[in-house]
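What follows is a set of notes on a single structure, which appears directly below.
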Number of protein chains: 2
Amino acid sequence: MEQQQISTYLLKNGIRPLQKRVKIMGYLVSKRNHPTVEMIYSDLVHEIKGLSKTTVYNVLNLFVQSGVALALNIEGNEIRYDADTSTHGHFKCRVCSGVIDFRIKQEELPKPMLDGFRIEEHHFYLMGVCSFCCNKIEA
Amino acid sequence: MEQQQISTYLLKNGIRPLQKRVKIMGYLVSKRNHPTVEMIYSDLVHEIKGLSKTTVYNVLNLFVQSGVALALNIEGNEIRYDADTSTHGHFKCRVCSGVIDFRIKQEELPKPMLDGFRIEEHHFYLMGVCSFCCNKIEA
DNA sequence: ATTAATTTTGTAATCATTACAAAATAATAC
DNA sequence: GTATTATTTTGTAATGATTACAAAATTAAT
Ligand SMILES: [Mn+2]
Ligand SMILES: [Mn+2]
Ligand SMILES: [Zn+2]
Ligand SMILES: [Zn+2]
């Protein structure tokens, strides 16, 4: 996606499209790898002069609050970020630690009986070993 | 559940039923409130002479590795523990922070197409406002 | 009762995240 | 454009949950 498209997208969601914000959103959108703050910072610090890790935290928190990114709590020691806010599920490989998407339709999600509850977010994720790592192991 | 039943259960799962382990498992089984380490420690420290928080961590890690407890990563800053290892989902209220169970049948869970993947764990949870807190808010 | 193995404890270390005030940047007014 | 004001970014320190580790205590085996 172009920087210009990203700027427009951020603006539409009430976020001023400052340079570092656009770069971080561009990174999320193009890599689609559900990175941690550490991954984003270490990849972008070379490209953005004088980037601070605190800024990465600030910008991601802003993105989540504004609804343009999801914070995924798959394992307790790290948060992973996702610019895809549509309904979908995640698989995390316990060998390579990769997180990949899978599509789920909203109507495929179980509908638990929770009368009087206001349900705001659905989270569905799987853990296991990805096909790449399965092949490596049996080889 | 009786202490004796818990001891037998732990033994069957390869865990020596030492006093503190039985007490901690008894707490999990009887309260069913998906407590954090902090909650378990502060509730049991009065009842068990000289309990250490490190022991709570050690015992819970042992339980999870042995398959008699689940570690729930619903929000990134805390792990909640559950002695119910059957297939079920969780709802977390963002007002009162309570975590409650709901039943899901294994066959109700979406079956994503992940050819060649080894799927070992399913996690399904919801966030929102529980019925109790909904009532309080509108009142 | 001795000895050996396991568990528990207390403290320090680690690691991700947040708090905060100063410096830098961007927007607005003149 | 320059001065003024508001917002953002930075660097460092603080926080909080978890783990590492070695000594002390407990449990099992001889
Ligand atoms: Mn995703
Ligand atoms: Mn549960
Ligand atoms: Zn893998
Ligand atoms: Zn509630």
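All chains are named by letter (A, B, ...) in the order of the sequence lines, taking the proteins before the strands, and each is independently numbered beginning at 1. Not measured: the values here are computed from a predicted model.
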Side-chain contact test, heavy atoms from C-beta onward, threshold under 4.5 Å: evaluate it for [X] versus [Y] and give yes or no.
X     : Y     : answer
B/N13 : B/F63 : no
B/T8  : B/Q5  : no
A/V22 : A/L10 : yes
A/Y41 : A/T36 : no

For B/E108 and B/K105, indicate whether the former's side chain and the latter's backbone hold a donor-acceptor pair under 3.5 Å.
yes
Can a donor-acceptor pair be found, under 3.5 Å and without considering hydrogens, that links the side chain of A/K111 to the backbone of A/L109?
yes
Atom-to-atom span, [atom1] of [X] to [atom2] of [N] - whole angstrom:
X     : N      : atom1 : atom2 : result
A/I48 : C/dT25 : CD1   : C1'   : 15 Å
B/I15 : C/dT7  : CD1   : C1'   : 14 Å
A/L51 : C/dT25 : CG    : P     : 14 Å
A/Q19 : C/dA27 : CD    : P     : 12 Å
B/L11 : D/dT27 : CG    : P     : 15 Å
A/Y41 : D/dT9  : OH    : C1'   : 13 Å
B/M39 : D/dA17 : CE    : P     : 13 Å
B/E78 : D/dA17 : CD    : P     : 9 Å

Expected list for residues 60-75 of chain A near DNA chain C, using heavy atoms below 4.0 Å, is A/N61
List the atom pairs, donor and acceptor, that lie under 3.5 Å between side-chain atoms in residues 85-100 of chain B and the rest of the protein, sequence neighbours left out.
| residue | atom | partner | partner atom | Å |
| --- | --- | --- | --- | --- |
| B/S86 | OG | B/D84 | OD1 | 2.6 |
| B/S86 | OG | B/R103 | NH2 | 2.9 |
| B/T87 | OG1 | B/Q106 | OE1 | 2.9 |
| B/H88 | ND1 | B/S86 | O | 2.8 |
| B/H88 | NE2 | B/D82 | OD2 | 3.0 |
| B/H88 | NE2 | B/H90 | NE2 | 3.0 |
| B/H88 | NE2 | B/D101 | OD1 | 3.0 |
| B/H90 | NE2 | B/H34 | NE2 | 3.2 |
| B/H90 | NE2 | B/D82 | OD2 | 3.0 |
| B/H90 | NE2 | B/D101 | OD1 | 3.0 |
| B/K92 | NZ | B/E75 | OE1 | 2.7 |
| B/K92 | NZ | B/E78 | OE2 | 3.1 |
| B/R94 | NE | A/E120 | OE1 | 2.8 |
| B/R94 | NE | A/E120 | OE2 | 3.4 |
| B/R94 | NH2 | A/E120 | OE2 | 2.9 |

Which nucleotide in the set [options] lies at the smallest distance from any side-chain heavy atom of [X]?
X     : options                : result
B/K49 : C/dT7, D/dT18, D/dT26  : D/dT26
A/L18 : D/dT9, C/dT7, D/dT7    : D/dT9
B/V37 : C/dA26, C/dT17, D/dT18 : D/dT18

Taking for each residue the nucleotide of DNA chain D with the nearest heavy atom, is it A/K53 or B/E38 whose nucleotide lies nearer the 5' end?
A/K53
Are OP1 or OP2 of C/dA26 and a side-chain N or O of A/R16 less than 4.0 angstrom apart?
no
Are A/Y57 and C/dT18 close enough that a side-chain N or O sits under 4.0 Å from OP1 or OP2?
no
For B/N58 and A/I79, take the nucleotide of DNA chain C holding the closest heavy atom to each; which residue's nucleotide lies nearer the 5' end?
B/N58
Decide yes or no, distance alone: a donor-acceptor N/O pair under 3.5 angstrom between the base of C/dT17 and the side-chain of A/T54.
no
